[in-house]
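Every chain is numbered from 1 and lettered A, B, ... according to where its sequence line falls, protein lines coming before strand lines. Everything quoted here is computed from the prediction, not taken from an experiment.
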There are 2 protein chains.
Amino acid sequence: MSDLLERLRGRGWRMTAQRRVVAEVLDGDHVHLTADEVHARAAERLPEISRATVYNTLGELVGLGEILEVSTDRRAKRYDPNAHRPHQHLVCSRCGAIRDVHPSGDPLADLPAAERFGFTISDVEVTYRGICPHCATA
Amino acid sequence: MSDLLERLRGRGWRMTAQRRVVAEVLDGDHVHLTADEVHARAAERLPEISRATVYNTLGELVGLGEILEVSTDRRAKRYDPNAHRPHQHLVCSRCGAIRDVHPSGDPLADLPAAERFGFTISDVEVTYRGICPHCATA
DNA sequence: CTATATGCAAAGTCTTTGCAATGGC
DNA sequence: GCCATTGCAAAGACTTTGCATATAG
């Protein structure tokens, strides 16, 4: 079942067929789809779903803090439903594959007060770039 | 003078008026311009410079490792000439302002071998998100 | 019943491409 | 003079918007 769906229902999110399908597509670990990929998968189950609705829904889920927006070096953003456990990303520079990882240290601790320049920091995003095992052998 | 320009000349980079202007615009610290901003500033000195040339030039400079591409949560990428000294970014979630910072630890050291999943890591990108002092008082 | 969500199609933003003309070296 | 680089305009990729219609609660 869908944890994401449960939580959204619990938050009183108005449930429609489209939103349900989008939430289902996004459910799981190591999911990092673009808006267009979400639309394609959602359309397998609900052919008439429009791109606009997918974009709306993704934007809402990001606003609710239920999914994360991941900016890659490629053009399209990716959406990561694993918003509740802090983690970082391993990104393949060749094929763009993304993997969640859980480093040991706290990256925030590495930024001394003197280097914060008056910013109130709420979040740290860490991206490790390299070549994935699949691309390395290809 | 322009350090960037010096290095490029030394590398045998074919010098044109357009490339010189782009390199000059990008020279300096804490510079994080979008392609369009680079084009606008370059056009102040060289009115006929085209966007295509700016995009070409930026792409080359990234390829040469002379500038860095910074993907923000906004749409347009930003270009950072400070490629020779490892650093991270502080980004204001409200206004998008970017600042270079130099944390104490080595972020790579925080990723144990068991968490690398066969990737050969070449680079780490760290982005601290928060509210800048200017937005905090506004 | 009513406010919110949807679909459509058009517009907007950012980036790339094809190709003839230009100009460094 | 040769070949890389440029400018232009058009196409392409990704995302947002406006508004009439549909539907969850």
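For the pair A:R11 CZ and C:dT4 P, the computed distance is 18 Å after rounding to whole Å. The separation between A:I49 atom CD1 and D:dA22 atom P is 18 Å, rounded to whole Å. Between A:K77 atom NZ and D:dT15 atom P the separation is 6 Å, expressed in whole Å. Taking atom CH2 of B:W13 as the reference point, atom C1' of C:dC25 lies 15 Å away to the nearest angstrom. With rounding to whole Å, B:E48 atom CD is found 14 Å from D:dA9 atom P. Atom CE of A:M15 and atom P of C:dT4 are 17 Å apart (whole Å). For B:R78 and C:dT15, the CZ to C1' distance is 16 Å, given to the nearest whole Å. When the P atom of D:dA9 is taken as reference, atom CG of B:N56 falls 17 Å away, rounded to whole Å.
Using a 4.0 Å heavy-atom distance criterion, A:R14 is classed as a base contact.
With 3.5 Å as the limit, one finds no donor-acceptor pair spanning the side chains of A:H30 and A:N82. No side-chain donor from either of B:H84 and B:D3 sits under 3.5 Å from a side-chain acceptor of the other.
No side-chain donor-acceptor contact under 3.5 Å links A:T34 to the backbone of A:R78.
At least one side-chain nitrogen or oxygen of B:Y55 sits closer than 4.0 Å to the OP1 or OP2 atom of C:dT15. Taking only side-chain nitrogens and oxygens, A:S50 never comes nearer than 4.0 Å to OP1 or OP2 of C:dT6. Proximity of B:T16 to the phosphate of D:dT6: a side-chain N or O atom is located under 4.0 Å from OP1 or OP2. Considering only side-chain N and O atoms, A:R19 lies under 4.0 angstrom from the phosphate OP1 or OP2 of C:dA5. B:Q18 has a side-chain polar atom (N or O) that falls below the 4.0 Å cut-off from OP1 or OP2 of D:dG7.
Out of C:dG7, C:dT15, D:dT6, the shortest distance to the side chain of B:R51 is found at C:dT15. Among D:dC14, D:dC8, C:dA5, the nucleotide with an atom closest to any side-chain atom of A:A76 is D:dC14.
When the nearest nucleotides of DNA chain C are assigned to B:R75 and B:A17 by heavy-atom distance, the more 5′-ward of the two goes with B:R75.
Annotation: side chain of A:Q18 is not in contact with side chain of A:T57 (no heavy-atom distance under 4.5 Å). Between A:V38 and A:V22, the closest side-chain pair of non-hydrogen atoms falls below 4.5 Å.
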